Trainee: 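Below is a structure I'd like to ask you about.
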Amino acid sequence: MLDLIAPFFERLYDTTGLNFSPFYDSYDWGRLKEGMWVSIKLITAIIAVSLVIGVIGAGAQTSRLKVVRWIVAAYIEIFRNTPPIVQLLFFYFGLGAITPQVDMGGWYEPMIGSFGWAVIAIGIFGGSYNVEIFRSGIEAVPESTKEAAESLGFSGFKIFVYVTFPLALRICLPALTNNIVSLAKTSSLAYVIAVPEITYSLSGIWSDSVNVPEMMLFLFAYYIVLIAIIARIMTVIERKLALPGYGQ
(Lines give C-alpha, C1' and ligand atoms only; values in the text may rest on other atoms or scores of the structure.)
Protein backbone atom coordinates (compact mmCIF):
# COMPACT_ATOMS: atom_id res chain seq x y z
CA MET A 1 0.00 0.00 0.00
CA LEU A 2 2.81 2.40 0.82
CA ASP A 3 4.23 1.95 -2.68
CA LEU A 4 0.92 3.10 -4.14
CA ILE A 5 0.48 6.27 -2.10
CA ALA A 6 4.12 7.27 -1.56
CA PRO A 7 4.63 9.06 -4.94
CA PHE A 8 1.61 11.31 -4.35
CA PHE A 9 2.69 12.38 -0.86
CA GLU A 10 6.29 12.89 -1.96
CA ARG A 11 5.09 15.23 -4.72
CA LEU A 12 2.80 16.94 -2.23
CA TYR A 13 5.76 17.59 0.05
CA ASP A 14 7.97 18.82 -2.80
CA THR A 15 5.34 21.18 -4.23
CA THR A 16 3.51 22.47 -1.12
CA GLY A 17 5.76 21.68 1.84
CA LEU A 18 3.06 19.58 3.49
CA ASN A 19 5.00 16.76 5.10
CA PHE A 20 2.89 13.64 5.67
CA SER A 21 6.02 11.55 6.17
CA PRO A 22 4.27 8.32 7.31
CA PHE A 23 2.75 8.03 3.83
CA TYR A 24 6.03 7.95 1.96
CA ASP A 25 8.64 6.97 4.58
CA SER A 26 8.65 3.24 5.44
CA TYR A 27 9.97 3.77 8.97
CA ASP A 28 7.32 6.35 9.86
CA TRP A 29 4.71 4.20 8.13
CA GLY A 30 5.60 1.31 10.43
CA ARG A 31 5.36 3.53 13.52
CA LEU A 32 1.98 4.85 12.35
CA LYS A 33 0.53 1.38 11.76
CA GLU A 34 1.78 0.15 15.14
CA GLY A 35 0.26 3.17 16.91
CA MET A 36 -3.10 2.69 15.19
CA TRP A 37 -3.17 -1.02 16.07
CA VAL A 38 -2.24 -0.39 19.71
CA SER A 39 -4.97 2.28 19.93
CA ILE A 40 -7.60 -0.14 18.64
CA LYS A 41 -6.48 -2.87 21.07
CA LEU A 42 -6.41 -0.37 23.94
CA ILE A 43 -9.90 0.97 23.23
CA THR A 44 -11.32 -2.56 22.86
CA ALA A 45 -9.79 -3.71 26.15
CA ILE A 46 -10.90 -0.57 28.03
CA ILE A 47 -14.48 -0.90 26.81
CA ALA A 48 -14.57 -4.61 27.69
CA VAL A 49 -13.26 -3.99 31.23
CA SER A 50 -15.69 -1.11 31.81
CA LEU A 51 -18.67 -3.20 30.65
CA VAL A 52 -17.77 -6.12 32.90
CA ILE A 53 -17.38 -3.80 35.86
CA GLY A 54 -20.63 -2.07 35.00
CA VAL A 55 -22.62 -5.31 34.89
CA ILE A 56 -21.09 -6.68 38.10
CA GLY A 57 -21.48 -3.37 39.91
CA ALA A 58 -25.09 -2.93 38.83
CA GLY A 59 -25.87 -6.46 39.98
CA ALA A 60 -24.12 -5.81 43.30
CA GLN A 61 -26.28 -2.74 43.84
CA THR A 62 -29.30 -5.03 43.98
CA SER A 63 -27.66 -7.15 46.70
CA ARG A 64 -29.46 -7.57 50.01
CA LEU A 65 -26.15 -7.09 51.81
CA LYS A 66 -25.72 -3.48 52.87
CA VAL A 67 -21.94 -3.72 52.94
CA VAL A 68 -21.85 -4.79 49.26
CA ARG A 69 -24.01 -1.85 48.23
CA TRP A 70 -21.82 0.47 50.31
CA ILE A 71 -18.64 -0.77 48.61
CA VAL A 72 -20.13 -0.18 45.16
CA ALA A 73 -21.34 3.31 46.15
CA ALA A 74 -17.87 4.19 47.51
CA TYR A 75 -16.23 2.95 44.31
CA ILE A 76 -18.53 5.08 42.18
CA GLU A 77 -17.92 8.20 44.26
CA ILE A 78 -14.14 7.78 44.24
CA PHE A 79 -13.70 7.14 40.53
CA ARG A 80 -16.34 9.53 39.23
CA ASN A 81 -15.08 12.42 41.36
CA THR A 82 -11.41 12.31 40.36
CA PRO A 83 -9.93 13.15 36.92
CA PRO A 84 -9.08 10.12 34.76
CA ILE A 85 -5.53 11.38 34.16
CA VAL A 86 -4.94 11.52 37.93
CA GLN A 87 -6.23 7.96 38.26
CA LEU A 88 -3.99 6.86 35.41
CA LEU A 89 -0.91 8.38 37.03
CA PHE A 90 -1.88 6.94 40.43
CA PHE A 91 -2.19 3.41 39.06
CA TYR A 92 0.98 3.58 36.96
CA PHE A 93 3.35 5.44 39.29
CA GLY A 94 1.65 4.69 42.62
CA LEU A 95 0.52 1.08 42.45
CA GLY A 96 3.03 0.28 39.71
CA ALA A 97 5.89 1.09 42.08
CA ILE A 98 4.82 -1.65 44.50
CA THR A 99 3.81 -4.22 41.89
CA PRO A 100 6.09 -7.30 41.82
CA GLN A 101 8.60 -7.50 38.99
CA VAL A 102 9.34 -10.53 36.82
CA ASP A 103 12.84 -11.90 36.25
CA MET A 104 13.39 -11.90 32.49
CA GLY A 105 16.78 -13.64 32.70
CA GLY A 106 19.17 -10.99 33.89
CA TRP A 107 16.84 -8.02 34.09
CA TYR A 108 13.49 -7.34 35.68
CA GLU A 109 10.32 -6.01 34.14
CA PRO A 110 7.11 -4.93 35.88
CA MET A 111 4.42 -7.59 36.08
CA ILE A 112 1.99 -5.06 34.61
CA GLY A 113 3.27 -2.75 31.88
CA SER A 114 2.03 0.66 30.80
CA PHE A 115 -0.58 -0.86 28.46
CA GLY A 116 -2.01 -2.99 31.27
CA TRP A 117 -2.18 -0.09 33.69
CA ALA A 118 -3.91 2.06 31.07
CA VAL A 119 -6.56 -0.63 30.56
CA ILE A 120 -7.04 -1.05 34.31
CA ALA A 121 -7.16 2.65 35.17
CA ILE A 122 -9.36 3.88 32.32
CA GLY A 123 -11.49 0.71 32.41
CA ILE A 124 -12.21 1.20 36.12
CA PHE A 125 -12.95 4.88 35.49
CA GLY A 126 -15.41 4.03 32.73
CA GLY A 127 -16.89 1.21 34.78
CA SER A 128 -17.94 3.66 37.50
CA TYR A 129 -20.20 5.38 34.96
CA ASN A 130 -21.41 2.11 33.47
CA VAL A 131 -22.57 0.92 36.89
CA GLU A 132 -24.90 3.90 37.14
CA ILE A 133 -26.00 3.54 33.52
CA PHE A 134 -26.93 -0.11 34.02
CA ARG A 135 -28.55 0.72 37.37
CA SER A 136 -30.83 3.26 35.70
CA GLY A 137 -31.84 0.64 33.15
CA ILE A 138 -32.51 -1.96 35.83
CA GLU A 139 -34.70 0.45 37.79
CA ALA A 140 -36.67 1.23 34.62
CA VAL A 141 -37.72 -2.42 34.18
CA PRO A 142 -41.33 -2.68 35.41
CA GLU A 143 -41.80 -4.47 38.73
CA SER A 144 -44.65 -6.45 37.18
CA THR A 145 -42.13 -8.06 34.78
CA LYS A 146 -39.92 -9.15 37.67
CA GLU A 147 -42.92 -10.41 39.63
CA ALA A 148 -44.07 -12.46 36.65
CA ALA A 149 -40.65 -14.12 36.45
CA GLU A 150 -40.71 -14.75 40.19
CA SER A 151 -44.12 -16.38 39.93
CA LEU A 152 -42.63 -18.83 37.41
CA GLY A 153 -40.13 -19.99 40.04
CA PHE A 154 -37.08 -18.00 38.90
CA SER A 155 -34.51 -17.28 41.59
CA GLY A 156 -33.32 -13.72 42.18
CA PHE A 157 -30.10 -14.42 40.25
CA LYS A 158 -31.93 -15.94 37.28
CA ILE A 159 -34.40 -13.05 37.21
CA PHE A 160 -31.48 -10.63 36.95
CA VAL A 161 -29.60 -12.64 34.29
CA TYR A 162 -32.49 -13.74 32.08
CA VAL A 163 -35.12 -11.03 32.56
CA THR A 164 -34.02 -7.82 34.26
CA PHE A 165 -30.62 -7.26 32.68
CA PRO A 166 -31.54 -8.05 29.04
CA LEU A 167 -34.41 -5.55 29.26
CA ALA A 168 -32.30 -3.00 31.17
CA LEU A 169 -29.61 -3.20 28.49
CA ARG A 170 -32.08 -2.16 25.81
CA ILE A 171 -33.26 0.76 27.92
CA CYS A 172 -29.80 2.11 28.72
CA LEU A 173 -28.12 1.58 25.33
CA PRO A 174 -28.23 5.28 24.30
CA ALA A 175 -26.49 6.35 27.52
CA LEU A 176 -24.10 3.41 27.25
CA THR A 177 -23.18 4.47 23.71
CA ASN A 178 -22.27 7.94 24.94
CA ASN A 179 -19.99 6.52 27.63
CA ILE A 180 -18.30 4.08 25.25
CA VAL A 181 -17.58 6.92 22.82
CA SER A 182 -16.22 8.99 25.69
CA LEU A 183 -13.97 6.12 26.81
CA ALA A 184 -12.63 5.67 23.29
CA LYS A 185 -11.52 9.30 23.33
CA THR A 186 -10.22 9.10 26.91
CA SER A 187 -7.93 6.24 25.84
CA SER A 188 -5.63 8.87 24.30
CA LEU A 189 -4.58 9.80 27.87
CA ALA A 190 -2.47 6.63 27.86
CA TYR A 191 0.05 8.75 25.98
CA VAL A 192 1.22 10.25 29.30
CA ILE A 193 2.50 6.87 30.56
CA ALA A 194 4.20 6.04 27.24
CA VAL A 195 1.69 3.54 25.90
CA PRO A 196 2.68 3.39 22.20
CA GLU A 197 -0.78 4.26 20.90
CA ILE A 198 -1.48 6.64 18.01
CA THR A 199 -0.77 9.91 19.86
CA TYR A 200 2.52 8.60 21.25
CA SER A 201 3.58 7.26 17.85
CA LEU A 202 2.76 10.50 16.07
CA SER A 203 4.62 12.53 18.69
CA GLY A 204 7.74 10.55 17.81
CA ILE A 205 7.15 11.17 14.11
CA TRP A 206 6.62 14.91 14.45
CA SER A 207 9.65 15.19 16.72
CA ASP A 208 11.84 13.60 14.03
CA SER A 209 10.26 15.18 10.96
CA VAL A 210 9.13 18.53 12.43
CA ASN A 211 5.70 18.15 10.86
CA VAL A 212 3.45 18.87 13.85
CA PRO A 213 0.53 20.52 11.95
CA GLU A 214 0.29 17.66 9.46
CA MET A 215 0.40 14.96 12.14
CA MET A 216 -2.12 16.80 14.32
CA LEU A 217 -4.42 17.03 11.32
CA PHE A 218 -4.08 13.29 10.77
CA LEU A 219 -4.68 12.63 14.48
CA PHE A 220 -7.92 14.61 14.38
CA ALA A 221 -9.06 12.76 11.26
CA TYR A 222 -8.14 9.38 12.76
CA TYR A 223 -10.26 9.91 15.87
CA ILE A 224 -13.15 11.39 13.91
CA VAL A 225 -13.31 8.29 11.72
CA LEU A 226 -12.72 5.84 14.57
CA ILE A 227 -15.36 7.36 16.83
CA ALA A 228 -17.83 7.53 13.95
CA ILE A 229 -17.33 3.79 13.36
CA ILE A 230 -17.84 2.98 17.05
CA ALA A 231 -20.96 5.13 17.21
CA ARG A 232 -22.31 3.48 14.08
CA ILE A 233 -21.72 -0.01 15.50
CA MET A 234 -23.55 0.94 18.70
CA THR A 235 -26.44 2.38 16.71
CA VAL A 236 -26.78 -0.86 14.74
CA ILE A 237 -26.71 -2.87 17.99
CA GLU A 238 -29.37 -0.60 19.48
CA ARG A 239 -31.65 -1.15 16.49
CA LYS A 240 -31.09 -4.91 16.48
CA LEU A 241 -31.93 -5.21 20.18
CA ALA A 242 -34.88 -2.83 20.11
CA LEU A 243 -38.14 -4.14 21.62
CA PRO A 244 -41.48 -2.31 21.44
CA GLY A 245 -42.01 -0.45 24.70
CA TYR A 246 -38.43 -0.77 25.94
CA GLY A 247 -35.88 1.97 25.47
CA GLN A 248 -37.94 3.66 22.78
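Positions are given from 1 along the sequence. Note that the structure is a prediction, hence the values are computed from the model and not measured.
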Trainee: Mind checking the OH-CD1 spacing from Y129 to I180? Nearest 0.5 Å is all I need.
Mentor: 15.0 Å
Trainee: If we only count heavy atoms from C-beta on, is the I98 to L95 side-chain gap below 4.5 Å?
Mentor: yes
Trainee: Looking at S201 and I198, would you say the former's side chain and the latter's main chain have a donor-acceptor pair under 3.5 Å?
Mentor: no
Trainee: Look only at the side chain of D25 and the backbone of D28, and say whether a donor-acceptor pair between them is shorter than 3.5 Å.
Mentor: yes
Trainee: Would E139 and R135 satisfy salt bridge (charged side-chain N to carboxylate O under 4.0 Å, His left out), going step by step from the backbone distance to the final call?
Mentor: CA-CA 6 Å; E139 291 181 350; R135 180 190 61 79; 2.9 Å; yes
Trainee: Over 60° means perpendicular and under 30° means parallel, so classify the ring planes of F165 and F134, tilted if in between.
Mentor: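 F134 vs F165 ring planes: tilted.
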Trainee: Does any part of the side chain of S39, heavy atoms only, come nearer than 4.5 Å to the side chain of Y222, both counted from C-beta?
Mentor: yes
Trainee: For Y75 and F79, what are the C-alpha separation, side-chain angles and deciding distance, and is it a ring pair (Phe, Tyr, Trp, His ring centres under 6.0 Å)?
Mentor: CA-CA 6 Å; Y75 155 70; F79 287 95; 5.2 Å; yes
Trainee: Could you report the tightest heavy-atom contact between A168 and G137, atom names first, then the distance?
Mentor: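 That would be CB-C, 3.3 Å.
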Trainee: Given side chain to side chain contact (heavy atoms under 4.5 Å, CB included), test Q61 with I76 step by step and report yes or no.
Mentor: CA-CA 11 Å; Q61 284 186 321; I76 292 171; 3.5 Å; yes
Trainee: With the threshold set at 4.0 Å, does a side-chain nitrogen-carboxylate oxygen contact exist between D208 and R31?
Mentor: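 The answer is yes: the pair qualifies as a salt bridge.
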Trainee: For V195 versus S114, what's the shortest heavy-atom pair and its separation?
Mentor: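 Taking V195 first and S114 second, the nearest heavy atoms are CG2-O, 3.4 Å.
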Trainee: What's the spacing between T186 OG1 and I43 CD1 if we round to 0.5 Å?
Mentor: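 If we round to the nearest 0.5 Å, T186:OG1 and I43:CD1 are 10.0 Å apart.
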Trainee: Determine the minimum heavy-atom distance between A118 and L88, stating which atoms define it.
Mentor: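 Closest approach of A118 to L88, heavy atoms only: CA-CD1, 3.7 Å.
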Trainee: Heavy atoms, side chains only, cut-off 4.5 Å: are I122 and P84 in contact?
Mentor: no
Trainee: Is there a path of hydrophobic side-chain contacts, each under 4.5 Å between heavy atoms of I/L/V/M/F/W/Y residues, joining Y27 to W29?
Mentor: no
Trainee: Would you mind reporting whether K146 and V163 have side-chain heavy atoms less than 4.5 Å apart?
Mentor: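 They are not in contact (no side-chain heavy atoms under 4.5 Å apart), so the answer is no.
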Trainee: Does V67 belong to the same Ile/Leu/Val/Met/Phe/Trp/Tyr cluster as I78, with side-chain heavy atoms less than 4.5 Å apart forming each link?
Mentor: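 V67 and I78: separate clusters.
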Trainee: Rounded to the nearest 0.5 Å, how far apart are CD1 of I56 and CG of N130?
Mentor: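 Rounded to the nearest 0.5 Å, the CD1-CG separation comes to 12.0 Å.
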Trainee: Will you find, in the side chains of N19 and S209, an N or O donor that is under 3.5 Å from an N or O acceptor?
Mentor: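 No donor-acceptor contact under 3.5 Å links the two side chains.
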Trainee: For I124 and V49, which heavy atoms make the closest approach, and how far apart are they?
Mentor: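 Looking at all heavy atoms of both residues, the closest pair is N-CG1, 4.5 Å.
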Trainee: Can you check whether E132 reaches R80 side chain to side chain, under 4.5 Å on heavy atoms?
Mentor: yes
Trainee: Is it the case that atom OH in Y223 sees more than 12 heavy atoms from other parts of the structure closer than 6.0 Å?
Mentor: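 Yes - once you tally the heavy atoms of other residues, nucleotides and ligands closer than 6.0 Å, there are more than 12.
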Trainee: As a quick check of understanding, evaluate side chain to side chain contact (heavy atoms under 4.5 Å, CB included) for T235 and T177, giving each step before the final call.
Mentor: CA-CA 8 Å; T235 299; T177 298; 5.6 Å; no
Trainee: Same hydrophobic cluster for F220 and L18, using side-chain heavy-atom links shorter than 4.5 Å among ILVMFWY?
Mentor: yes
Trainee: Just by distance, do the side chain of S136 and the backbone of I133 share a donor-acceptor pair under 3.5 Å?
Mentor: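 Yes, because the side chain of S136 sits within donor-acceptor range (under 3.5 Å) of the backbone of I133.
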Trainee: Mind checking whether I224 and L32 sit in one hydrophobic cluster, side chains of I, L, V, M, F, W, Y counted as touching below 4.5 Å?
Mentor: no
Trainee: Which atom names give the shortest non-hydrogen contact between E214 and G17, and what distance separates them?
Mentor: OE2-O, 3.7 Å
Trainee: Look up atom CG in L176 and atom OG in S50, then write down how far apart they are to the nearest 0.5 Å.
Mentor: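 The CG atom of L176 sits 7.5 Å away from the OG atom of S50.
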Trainee: Check whether V225 and I47 end up in the same hydrophobic cluster, where Ile, Leu, Val, Met, Phe, Trp and Tyr are linked by side-chain heavy atoms less than 4.5 Å apart.
Mentor: yes
Trainee: Please name the pair of heavy atoms, one in I46 and one in S187, separated by the smallest distance, quoted to 0.1 Å.
Mentor: CD1-CB, 3.8 Å
Trainee: Under 30°, 30 to 60°, or over 60°: which ring-plane class applies to F20 and F23, parallel, tilted or perpendicular?
Mentor: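 The rings of F20 and F23 sit tilted, inter-plane angle from 30° to 60°.
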Trainee: Are side-chain heavy atoms of F115 and V38 found at a separation under 4.5 Å?
Mentor: yes
Trainee: Might you confirm whether atom CZ of F91 has over 12 heavy atoms from other residues, nucleotides or ligands at distances under 6.0 Å?
Mentor: yes
Trainee: Report yes if the side chains of S63 and L65 come closer than 4.5 Å at any heavy-atom pair, otherwise no.
Mentor: yes
Trainee: Backbone N or O of A148 within a donor-acceptor pair of the S151 side chain at under 3.5 Å?
Mentor: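 Yes, because the side chain of S151 sits within donor-acceptor range (under 3.5 Å) of the backbone of A148.
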Trainee: Looking at Q87 and T82, would you say the former's side chain and the latter's main chain have a donor-acceptor pair under 3.5 Å?
Mentor: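 Yes: the side chain of Q87 pairs with the backbone of T82.
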Trainee: Rounded to the nearest 0.5 Å, how far apart are CD1 of I193 and OH of Y200?
Mentor: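 It is 11.0 Å, given to the nearest 0.5 Å.
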Trainee: Drop me the distance from I53's CD1 to F125's CZ, to the nearest 0.5 angstrom.
Mentor: 12.0 Å
Trainee: When you look at NZ of K158, are more than 12 heavy atoms from neighbouring residues, nucleotides or ligands closer to it than 6.0 Å?
Mentor: no
